[in-house]
Amino acid sequence: MNSWITAIFTTTYPFTLPVLEYPYSSLEPHIDTATMTIHHQKHHQAYINNLNAGLEKHPEFQAKTLKWLVANWQSLPDSLKNIVRNHGGGHLNHIFFWQILSPNAQKPSQDLQKKIMKDFGSLENFKALFNKAAVSVFGSGWAWLCVDNAGKLIITATANQENPLTDGLFPILGLDVWEHAYYLKYQNVRAAYIDAFWNIIAWDRVEDLLKQH
Ligand code: MN
């Protein structure tokens, strides 16, 4: 397994904020420096702090991986359930998001393009469907490209900090559409932020995740 994928899915309590592999300014002009800084240092850190505080009172779950916790939050005790749903999901979603962004423009490989064309008809159709899912999230949430159990690519959206793993889907691309992810630069124009996202996707990592599934 690629080490960065292992790091995302096998991390355990106490959780810590990962160091980004690129400077906050490096996604300009698509995501601005101030948004990246606050998003990583304040929003992401808050999910980690709240998740750690919840698990501190539940030593019986401290050895569970973040992936297991998020996939199984519904089976947890009531006093931990919503903490993991919101803050465990928040931590996992953000670690994932930082990893699938890249300051260097990339295109999907030929293999990945073929897979996308097989499951969506064309790259343009895939992009249109993903954009529609992202723009249609009411309130806060995420849009995802996932692999289902049959190996087929599907586009989904989740509310708040829920993750497709809970529904038995394996995410390979995700876009944070909470207002905190774009409001400083794009204000109410979420669609412009979604368009900009296509310029900063680490397609090599999306493909690594697809192979991992
Ligand atoms: Mn966020």
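Residue numbers run from 1 in the order of the sequence given. In listed order, ligands and their atoms are each counted from 1.
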Report yes or no: does Ser140 contribute a side-chain atom to a donor-acceptor pair with the main-chain N or O of Glu179 at less than 3.5 Å?
no

Step through it carefully: locate the ring centre of His94, locate the ring centre of Trp142, and say whether they are under 6.0 Å apart.
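Under 6.0 Å, so yes.
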
Is the Phe9 to Phe170 ring centre distance short of 6.0 Å?
yes

Look at the rings of Tyr182 and Tyr193 and say which category their plane angle falls in: under 30° parallel, 30 to 60° tilted, over 60° perpendicular.
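Answer is parallel, since the angle falls under 30°.
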
Between Lys115 and Asp119, does a salt bridge (charged side-chain N to carboxylate O under 4.0 Å, His left out) hold up when you go through it step by step?
CA-CA 6 Å; Lys115 175 69 176 159; Asp119 291 344; 3.1 Å; yes

Measure the shortest side-chain to side-chain distance between His91 and Gln161 over non-hydrogen atoms and say whether it is less than 4.5 angstrom.
no

What is the number of protein N, O or S atoms that sit under 2.8 Å away from the Mn ion (ligand 1)?
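For the Mn ion (ligand 1), the figure is 4.
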
